[in-house]
Amino acid sequence: MLHIDHVSFAYDDVPILENINLKVAKGEHIAIIGESGCGKSTLLKIIYGLLHVKIGEVYWDENQVLGPLYNLVPGESYMKYLSQDFDLMPYTTVEENVSQYLSVFDIPEMQRRTQTLLEMIEMTDYAQTKVRNLSGGQQQRVALARVLAQEPEVLLLDEPFGHIDNFQRNSLRRNLFGYLREKEITVLTATHDHQDMLPFADRVVVLKDQKIIAKDTPKNLYERPKDLYVASLFGEANKIPINIVKTYADTKRRIIVYAHEFKVSQKSGLEVIVKGSYYMGSHYMIVGLYEGHNVYFNHHKPIDKGEEVFLNIALETINQRMVDP
């Protein structure tokens, strides 16, 4: 088990993380999400031992992770950290980069494992290509395979698909997270992309204002976000003031509603004045005005600016998403 115990950290007296507590089981996949600057990358560096922690401790089983003041070469041997700097050998081939840490005493096994990893990152056609001739996204995939070749017990991924185009990203996600689960590798992924976590993570940790503000399964966090900040990490969301007369006796309450959950009506519902329509491929994103606030909702066709429409919300959504004003 990975155990982060009451960890706080600051850069030059600027607090970044405060009282972080987290336990991660062997083979578990944790996604760490939050706005830019919330401390996601810093937390991964602390876990790996790249930063010295004055307050709190990090353990893998019974072994304490010690920072750069105690290790000549920072980082623990049983962990691997894949940052946004790839640290590849540019003048050698893709195959040579991936096989660098594999044993040369069993050539057939080395070749088999190298081939498996190249297939996982979908780079078999580039095996003999020098790394310096690859795109940034291709280099990121090679760096990922090179890290996995070292068979870590814990893998720390910092925006692992940031340089990879959408065409490759979806299949690579499936390949990578399937491989990690099969090998029972514990993984923590810092990400901005909800597609990295919703289908693949066992739990999600949400960071804001130096603290963990939510920990739960992706499904629970998505369906019952505690506030608009959490919901917005999963997509376009709204915090809507609404009178629920029958249930709440005219008390003004608010609910969290994702853009796709609104249904447009011509007769009754939230009265919205349309400000603009934006083509999104499968639908239009409509921006409207309700009680002086912008409301975002999806519709199958554009709506003219200035037109009045009504938005309905399913009762189940109202019951699940009620939050404080």
Side-chain angles (χ1 to χ4, degrees), residues 27-32 40-41 44-45 48 50 75-202:
E28 191 175 14
H29 180 184
I30 301 294
I32 303 170
K40 299 187 298 292
S41 297
L44 293 188
K45 291 175 182 177
Y48 189 48
L50 291 176
E76 300 293 332
S77 61
Y78 50 85
M79 292 189 191
K80 292 302 170 191
Y81 170 56
L82 182 63
S83 70
Q84 298 177 56
D85 299 320
F86 308 140
D87 191 29
L88 298 172
M89 300 182 295
Y91 296 99
T92 58
T93 67
V94 167
E95 186 177 67
E96 289 168 333
N97 271 269
V98 173
S99 64
Q100 179 187 5
Y101 296 103
L102 299 177
S103 173
V104 296
F105 296 105
D106 188 345
I107 298 299
E109 176 63 12
M110 181 185 75
Q111 293 173 337
R112 184 194 68 79
R113 287 200 57 213
T114 300
Q115 181 67 19
T116 297
L117 290 168
L118 289 176
E119 290 173 357
M120 190 271 291
I121 63 170
E122 300 177 349
M123 291 282 288
T124 53
D125 291 342
Y126 296 88
Q128 301 306 316
T129 302
K130 285 185 168 54
V131 165
R132 67 173 181 170
N133 297 324
L134 300 177
S135 68
Q138 290 171 328
Q139 289 184 24
Q140 190 168 31
R141 287 149 64 191
V142 175
L144 180 57
R146 185 165 124 150
V147 164
L148 292 175
Q150 300 172 64
E151 297 188 317
E153 296 179 62
V154 181
L155 180 61
L156 308 172
L157 301 174
D158 192 356
E159 300 289 349
F161 311 110
H163 295 268
I164 298 170
D165 57 63
N166 287 329
F167 177 75
Q168 295 285 345
R169 190 178 299 172
N170 291 331
S171 61
L172 183 58
R173 282 192 191 105
R174 292 190 290 269
N175 292 348
L176 170 62
F177 293 129
Y179 178 91
L180 295 174
R181 194 168 294 280
E182 178 186 344
K183 298 295 184 181
E184 296 187 332
I185 296 173
T186 302
V187 56
L188 286 84
T189 305
T191 181
H192 286 93
D193 191 341
H194 64 275
Q195 296 299 331
D196 293 346
M197 53 181 163
L198 275 174
F200 305 109
D202 298 307

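By convention here, the first residue in the shown sequence is residue 1. A quick note: this is a predicted structure, and the numbers were derived from the prediction, not measured.
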Next item on the list: For Pro152 and Lys80, work out which heavy atoms get closest and say how close.
Entry: CB-CG, 3.6 Å

Margin query: Using side-chain heavy atoms (C-beta onward) and a distance below 4.5 Å, is His192 in contact with Lys40?
Written below: yes

Check: Closest approach of Val142 and Met123, non-hydrogen atoms and distance?
Finding: CG2-CE, 3.8 Å

Notebook entry, point to check: Roughly how far, to the nearest 0.5 Å, is CG of Leu180 from CD1 of Ile185?
Noted result: 5.0 Å

Note to self: To the nearest 0.5 Å, what is the distance between CD on Glu76 and CG on Leu156?
What the structure shows: 11.0 Å

Note to self: In the structure I gave you, are the side-chain heavy atoms of Gln168 and Gln140 within less than 4.5 Å of one another anywhere?
What the structure shows: no

Next item on the list: Quick one: pull up CG in Leu144 and CE in Met120 and give me the separation to the nearest 0.5 Å.
Entry: 5.0 Å

Checklist line | Derivation of the salt bridge (charged side-chain N to carboxylate O under 4.0 Å, His left out) call for Arg181 and Asp202 | finding: CA-CA 11 Å; Arg181 194 168 294 280; Asp202 298 307; 3.3 Å; yes

Margin query: For a quick test of reading the model, state the closest non-hydrogen atom pair linking Ala145 to Leu117 and the distance between them.
Written below: O-CD1, 3.7 Å

Check: Closest approach of Asn97 and Thr92, non-hydrogen atoms and distance?
Finding: ND2-OG1, 2.9 Å

Margin query: Counting C-beta onward and ignoring hydrogens, is there a side-chain heavy-atom pair between Gln111 and Ile107 closer than 4.5 Å?
Written below: yes

Note to self: Would Gln115 and Glu119 count as a side chain to side chain donor-acceptor pair (under 3.5 Å) here? Give the steps.
What the structure shows: CA-CA 6 Å; Gln115 181 67 19; Glu119 290 173 357; 3.2 Å; yes

Checklist line | Atom pair CZ (Arg141) and NE2 (His163), whose distance is rounded to the nearest 0.5 Å | finding: 13.5 Å

Item checked: Leu188 CG to Tyr81 OH distance, which is reported to the nearest 0.5 Å -> 12.0 Å

Checklist line | Side chains of Arg146 and Met89 in contact at under 4.5 Å (non-hydrogen atoms) | finding: yes

Notebook entry, point to check: Do side-chain atoms of Asn175 reach the backbone of Ile121 as a donor and acceptor pair under 3.5 angstrom?
Noted result: no

Notebook entry, point to check: Does any non-hydrogen side-chain atom of Phe161 lie less than 4.5 Å from one of Asp193?
Noted result: no

Notebook entry, point to check: Is there a side-chain contact between Leu155 and Leu148, using heavy atoms and a 4.5 Å cut-off?
Noted result: yes

Check: Closest heavy-atom contact between Leu88 and Ala143?
Finding: CD2-CA, 3.7 Å

Notebook entry, point to check: Asp196 and Arg173: salt bridge (charged side-chain N to carboxylate O under 4.0 Å, His left out), yes or no, with the steps?
Noted result: CA-CA 7 Å; Asp196 293 346; Arg173 282 192 191 105; 2.5 Å; yes

Mind listing the side-chain donor-acceptor pairs of residues 128-135 below 3.5 Å, one per line with the distance, residues two or more places apart or on another chain?
| from | atom 1 | to | atom 2 | distance (Å) |
| --- | --- | --- | --- | --- |
| Gln128 | NE2 | Glu95 | OE1 | 3.0 |
| Ser135 | OG | Gln138 | N | 3.2 |
| Ser135 | OG | Gln138 | OE1 | 3.4 |

Notebook entry, point to check: Can you name the nearest heavy-atom pair linking Pro160 to Ala190, along with the distance?
Noted result: CD-O, 4.0 Å

Check: Is there side-chain contact between Thr189 and Phe177, with heavy atoms separated by less than 4.5 Å?
Finding: yes

Next item on the list: With the side chain counted from C-beta on, respond yes when Gln195 and Phe200 share a heavy-atom pair under 4.5 Å apart, and no when they do not.
Entry: no

